[in-house]
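Read through the structure below, which is laid out as structure tokens, and then see the notes.
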Amino acid sequence: MRKPKDKPAKQANQLIEIKEEPMDEEGRRTVQPPQEAEDENEVKDELEEENDDGGSSEVEDEEKSFDELGLDPRLIRALSKKDISVSKPTPIQRVAIPLILEGKDVVARAKTGSGKTLAYLLPLLHKLFADSGLKQKNAPSAFILVPSGELCQQVYKEISSLIDLCKVHLKAVQLRSNMPISDMCAALSGPPDILISTPACVAKCLSTGVLQSTSVADSLEILVLDEADLLLSFGFEEDLKALTALLPRRCQCLLMSATSSDDVDKLKKLILHNPYILTLPEVDGVKDEVIPKNVQQFWISTSDQDKLVHILALLKLELIQKKVIIFTNSIDMSFRLKLFLEKEFNAGLFDYLIDGDESEVKDEQLANKGSNVNTKRSKKYPKQKLDSEFGVVRGIDFKNVFTVINYDMPGSAVGYVHRIGRTGRAYNTGVSVSLVSPDEMDILEEVKSLLGNEEDQNSDVISPFPLLTKSAVESLRYRAEDTAKSVTRVAVREARAQDLRNEILNSEKLKSHFEANPRDLDLLKHDRILSQKPPAPHLRKVPDYLIDATTKEASKMVKLARAAMGNNPSRRQGFKRKLKKGGGDPLKSFSAEGGRKGARKGGMKRGGRSTDGNHNHKKRKSV
Ligand SMILES: Nc1ncnc2c1ncn2[C@@H]1O[C@H](COP(=O)(O)OP(=O)(O)OP(=O)(O)O)[C@@H](O)[C@H]1O
């Protein structure tokens, strides 16, 4: 049996070591077609066997704090200032940080929302703090590559806030493909220590001479590929190959991914050198990997036409907890929904965010490539042409989202997983509610089979939503239909145009233009602004006589739960602890259908898993 080299004792059974990739004479990584590389599974199997022989295959959950992981004290203080409990790294952070600090190449596969960003940012910054000013460089020391412009911005904000809080002289810049070459050159002058960008943009910088190949080869110490499972399906393979050819042997490579897929394997073989593959106990195998254990999932059967009245009932009757993200499948539908809800609620006073998620093509590609799920594309989801930095929901970290609503079902099961991954982030809990029309039943079935419990086929991973009664929906039908009539196509078109104007107003690039030309700004501002009218008085409140007793009770329970949890994640933790002790989570214990049957059908049974992620086969009482 081949013994793994250099295996840290404590983490041994979480790690799989693979063979070192070959280098050329100049110490550069050679690009190998995947089929020529060593069969990793063989190595993996041996190691798994060894773990079995060596005793428990359960991972020892060493509850180390960030302090004990060996990070610079400035970073620990920065975490406290960011309200992250320094005693509680997430599992992926606990395992990945020491390895990255040791200089190992790491592939980290951990479910969405598990804290992968800090798992690589903290040790990366620690290393750069130590190296700062030691060597004259002509290019950044670290590249962080992500698949989309939005993710670039998010990582840039996170890293900049850490640098600010640590008060160190490090500079991070983000480059996007649509920037003028002159702006790219200006951003890279210095040079900065960290570059956050997309592979396409780095390839453009290299081909246009904005980045010199020799400088990159001389300076690059750390390369991070974040959301790695998307990079190849977004068409970045050639761009990555251009960079790979330059990678010096000493360069440490980190690959972070929420799912495992053929693309991740391909990338691993393309770029990494003797990596440690981190597979956490909770992400052992494709199925477990994608189950968000701390998110309760529900669905509501409805026709397409009745989706508006259902969403109105959920929000207006306060049957779900804020903050809420609502996903639709098109931008037009998002605007329609926004205008519809604005007529019922005071705009700005509610916490609902509507995302016209059009990233489905990519998610489906991923599903087809990565998992064994048989993904069908419904006629509702035509192929779309997407540019290489298309905005995606994948990986975006919306703060304190409790409920995710699928107004439209996504085009694939993998898309579903990433949408509901916007709640239940890190140590928080969450709920998802999907409105499913007859046309979308096949996707629901696909999701169920992806997330289903192999041992207990009868357990419902996604349960019928227990708090919304038919009579509650019917009580709002008239007003919903009346309101929907006023959301015309023209209104939707104007809302989109207004949104575009607002984007222009907010654009950094135009700021200086408007400073020089204030009249242009006035003209734009005074253009007609939509949705300024407050909601009509008769739409503001639902009259008491329209709400049945069951719904009133359900709404009261949700409000009580929200009051107990507040918006503060740490308070939410406290609430979670209370729930563990047997307190009443309305979604687990309340049934609008009444009695035991509803409770069993509803939130009580989710593949034997409770919201806190523990396996719990005990029955709970319903009220
Ligand atoms: N140790 C921690 N304790 C509490 N919160 C944390 C911790 N680490 C990270 N977080 C928070 O958890 C949220 C999710 O983290 P992050 O975005 O890194 O997840 P991710 O694994 O990259 O997810 P995705 O695959 O969707 O990109 C962030 O708001 C982050 O600030």
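All ligand and atom numbering here is 1-based and tracks the order in the structure. Basis for what follows: all heavy atoms, side chains included, without hydrogens, waters or symmetry-related copies.
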Partner of Pro199 by side-chain contact (heavy atoms from CB on, under 4.5 Å), out of Leu240, Leu243, Val146: Leu240

Close N or O approach (Lys116, ligand 1; < 3.5 Å): yes

Proximal atoms of ligand 1 relative to Ser114 (non-hydrogen, under 4.0 Å): 19 (O), 20 (P), 21 (O)

Which segment of Ile84 sits under 4.0 Å of ligand 1 when only heavy atoms are counted: side chain

Donor-acceptor contact present, side-chain Asn329 to main-chain Met409, <3.5 Å: yes

Numbered atoms of ligand 1 (with element) below 4.0 Å of Thr117, judged on heavy atoms: 16 (P), 17 (O), 18 (O), 22 (O)

Distance-only side-chain donor-acceptor flag, Tyr120 / Gln93, under 3.5 Å: no

Within reach of ligand 1, part of Phe66 (heavy-atom separation under 4.0 Å): side chain

Any Ala110 heavy atom less than 4.0 Å from ligand 1: no

Test item: Ser434 and Ile405 side chains (from C-beta on) under 4.5 Å apart, heavy atoms: no

Ser161 side chain to Lys82 side chain, donor-acceptor N/O pair below 3.5 angstrom: yes

Test item, Lys82 contacting ligand 1 (heavy atom, 4.0 angstrom): no

Atom indices of ligand 1, in the order listed, that fall short of 4.0 Å to a heavy atom of Leu118: 8 (N), 9 (C)

Ligand 1 contact on Glu227 by region, counting heavy-atom pairs under 4.0 Å: side chain

Check: Glu221/Gln252 side-chain N/O donor and acceptor closer than 3.5 Å: no

Any donor-acceptor N or O pair under 3.5 Å, side chains Ser114, Thr90: no

For ligand 1, the portion of Pro89 having any non-hydrogen atom under 4.0 Å away: backbone

Contact check: Gln93 vs ligand 1, nitrogen or oxygen atoms, below 3.5 angstrom: yes

Beyond-backbone contact of Lys323 with Phe402, side-chain heavy atoms, under 4.5 angstrom: no

